[in-house]
Amino acid sequence: MDLAYIPSPSRGVVELGPIPLRGYAFCIIIGVFVAVWLGNKRWVARGGRPGTVADIAVWAVPFGLVGGRLYHVITDYQLYFSEGRNWVDAFKIWEGGLGIWGAIALGAVGAWIGCRRRGIPLPAWADALAPGIALAQAIGRWGNWFNQELYGRATDVPWALKITSADDGRVPGTYHPTFLYESLWCVGVALLVIWADRRFKLGHGRAFALYVASYCAGRGWIEYMRVDDAHHVLGLRLNVWTAIVVFVLAVVYFVLSAKKRPGREEIVEPGAVDSADVASDDVASGAVGSGDVASGEVASGKGGSDGDREGDGGSVKLTKGGTAPEDEAESAESAKKG
């Protein structure tokens, strides 16, 4: 008898009148909002304009959803194109099935397009968004809980996940809640990136590389625990190999970037200046300009001087009463001689 376990929802859809609210889709949407919110705060702190992250996300999110779905369908094609399956189900993204590898890869293409249109560097934008993406994954993993999918090996630990559905080959019982393990790991990744970024001033895409490497480190062992059907290469699940390869690439990028481009970008968005700074700059430049004008007027003899008289080869400034300084000096010398 199981004394403690994590219950699974009896259904993954809540009907709000005629509108079905699917738990999986709801988790994905909430995750996107959290990622954009945190990314915007970090972007503004780096010197960018409010709203830029959301504007670029308009490109990145759709590309990411398509990429995530494509990766899932391609790597698990038997679920949609084998005998007895309906290929139309490949388009039913709300039923689950998004590969993070494809989502990040194609999402980066969309982000690149958005960044190019705004004239900002993609690595800086990715650095700002990195911990938000990790939190979005942490939230999105709860969508698997709603769908009773992607759990681990059978177990009787107190935090085991109880599966009640028998659809699609599931066997009711208690299993390792790998969705929970990955969710907690992603929260830890987000906190790690935020801490490291503050401590070491990561720039030029290194905060994003740290997110990728640390996520892959956790995804490898969590993926190894799962029992759902998957393709295997040399005895390991395909996603484990993907995690290993992407981890190595992220570490290599981190090291090479630190050597070639140390430090952090000073300007992440051209023209993004705080309004208060603009106002103070205007005042300062206005004061200097007035002083320059006044100095110019005095130097040119405007404003009450008796004027200039043409001398030998130039303009000689007269003193009050029309006597030049040179004439006064000559008169004083003559008086001494007399």
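For N147, the side-chain hydrogen bond (donor to acceptor under 3.5 Å, both in side chains) partners are E149, not counting sequence neighbours. Partners of H204 according to the ring pair (Phe, Tyr, Trp, His ring centres under 6.0 Å) rule, which considers only residues two or more places apart in sequence or in another chain, do not exist here. Applying the side-chain hydrogen bond (donor to acceptor under 3.5 Å, both in side chains) test to E182 and every residue at least two apart in sequence or in another chain returns R141, Y215. In this view, T75 and Y71, L238 satisfy the side chain to side chain contact (heavy atoms under 4.5 Å, CB included) rule, not counting sequence neighbours. A search for side-chain hydrogen bond (donor to acceptor under 3.5 Å, both in side chains) contacts involving S183 returns W142, not counting sequence neighbours. Not a single ring pair (Phe, Tyr, Trp, His ring centres under 6.0 Å) links Y224 to another residue, sequence neighbours left out. Judged as a side-chain hydrogen bond (donor to acceptor under 3.5 Å, both in side chains), and not counting sequence neighbours, the contacts of W101 are N239.
Hydrophobic clustering, with ILVMFWY side chains joined whenever heavy atoms are under 4.5 angstrom apart, groups I93 together with I104. No single ILVMFWY cluster, assembled from side-chain heavy atoms under 4.5 Å apart, contains both I194 and V44. Under the 4.5 Å side-chain heavy-atom criterion for Ile, Leu, Val, Met, Phe, Trp and Tyr, L192 and Y211 are members of the same hydrophobic cluster. One hydrophobic cluster, built from ILVMFWY side chains closer than 4.5 Å, cannot hold both Y181 and L150; they sit in different ones. No chain of hydrophobic side-chain contacts below 4.5 Å, direct or via other Ile, Leu, Val, Met, Phe, Trp or Tyr residues, connects V245 to F254.
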* Given I244 and C216, is the side-chain contact (heavy atoms from CB on, under 4.5 Å) satisfied, shown in steps? -> CA-CA 7 Å; I244 293 173; C216 290; over 6 Å; no
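For the atom pair CZ of R219 and CD1 of I100, the computed distance is 8.0 Å after rounding to the nearest 0.5 Å. Here CG of L70 is found 11.5 Å from CZ of F63. Values are rounded to the nearest 0.5 Å. Between atom CG of residue L129 and atom CZ of residue F208 there is a gap of 8.0 Å, rounded to the nearest 0.5 Å. Note that OG1 of T242 and CZ of R237 are 11.0 Å apart. Values are rounded to the nearest 0.5 Å.
When side chains are defined from C-beta on, R170 counts as touching Y151, because their heavy atoms get closer than 4.5 Å. In this structure the side chain of R226 never reaches within 4.5 angstrom of the side chain of H176, judged on heavy atoms. The shortest side-chain heavy-atom distance between P123 and W125 does not fall under the 4.5 Å cut-off. Residues H232 and W241 form no side-chain contact, since every pair of their non-hydrogen atoms from C-beta on lies 4.5 Å or further apart. Side-chain contact between D197 and R264 is present, with heavy atoms from C-beta onward closer than 4.5 Å. Residues Y5 and P158 have side chains not in contact (no heavy-atom distance under 4.5 Å, counting atoms from C-beta outward). At least one side-chain heavy atom of I120 sits less than 4.5 Å from a side-chain heavy atom of P270. For the pair S8/I163, a side-chain contact is recorded, criterion being any heavy-atom separation below 4.5 Å from C-beta on.
Annotation for A138 and V187: closest pair CB-CG2, 3.8 Å, computed over non-hydrogen atoms. The two residues D127 and G205 come nearest to each other via the heavy atoms OD2-N, 2.8 Å. Shortest non-hydrogen contact noted between G47 and V268 is C-CG2, 3.9 Å. Listed here is the closest heavy atom pair of A207 and V193: O-CG1, 3.8 Å. When all heavy atoms are compared, the tightest approach of G218 to W185 is CA-CE2, 3.2 Å. Closest heavy-atom contact between A213 and V251: CB-CG2, 4.2 Å.
Through chains of ILVMFWY side-chain contacts below 4.5 Å, L79 is grouped with V73, Y77, Y80, F81, W87, V88, F91.
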Side-chain donor-acceptor contacts of residues 24-40 below 3.5 Å, not counting sequence neighbours, with atom names and distances?
residue : atom : partner : partner atom : Å
Y24     : OH   : G97     : N            : 3.4
N40     : OD1  : G51     : N            : 3.0

Please set out all donor-acceptor pairs under 3.5 angstrom arising from side-chain atoms of residues 107-118, sequence neighbours excluded.
residue : atom : partner : partner atom : Å
R118    : NH1  : D55     : OD2          : 2.6
R118    : NH2  : T52     : OG1          : 3.2
R118    : NH2  : E269    : OE2          : 3.3

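Taking a 6.0 Å sphere around CD1 of I267, one finds it holds 12 or fewer heavy atoms contributed by other residues, nucleotides or ligands. For D229, the CG atom sits in a loose shell: 12 or fewer heavy atoms of surrounding residues, nucleotides or ligands are nearer than 6.0 Å.
No side-chain N or O of Y175 forms a donor-acceptor pair with one of Q148 less than 3.5 Å apart.
Counting only residues at least two apart or on different chains, no salt bridge (Lys or Arg N to Asp or Glu O under 4.0 Å) pair has a member in residues 60-80. Pairs engaging residues 78-89 under the salt bridge (Lys or Arg N to Asp or Glu O under 4.0 Å) rule: D89-K92 [sequence neighbours left out].
W145 contributes no side-chain N or O that, together with a main-chain N or O of L161, makes up a donor-acceptor pair within less than 3.5 Å. With hydrogens and angles ignored, the 3.5 Å screen pairs no side-chain donor or acceptor of T155 with any backbone N or O of A160.
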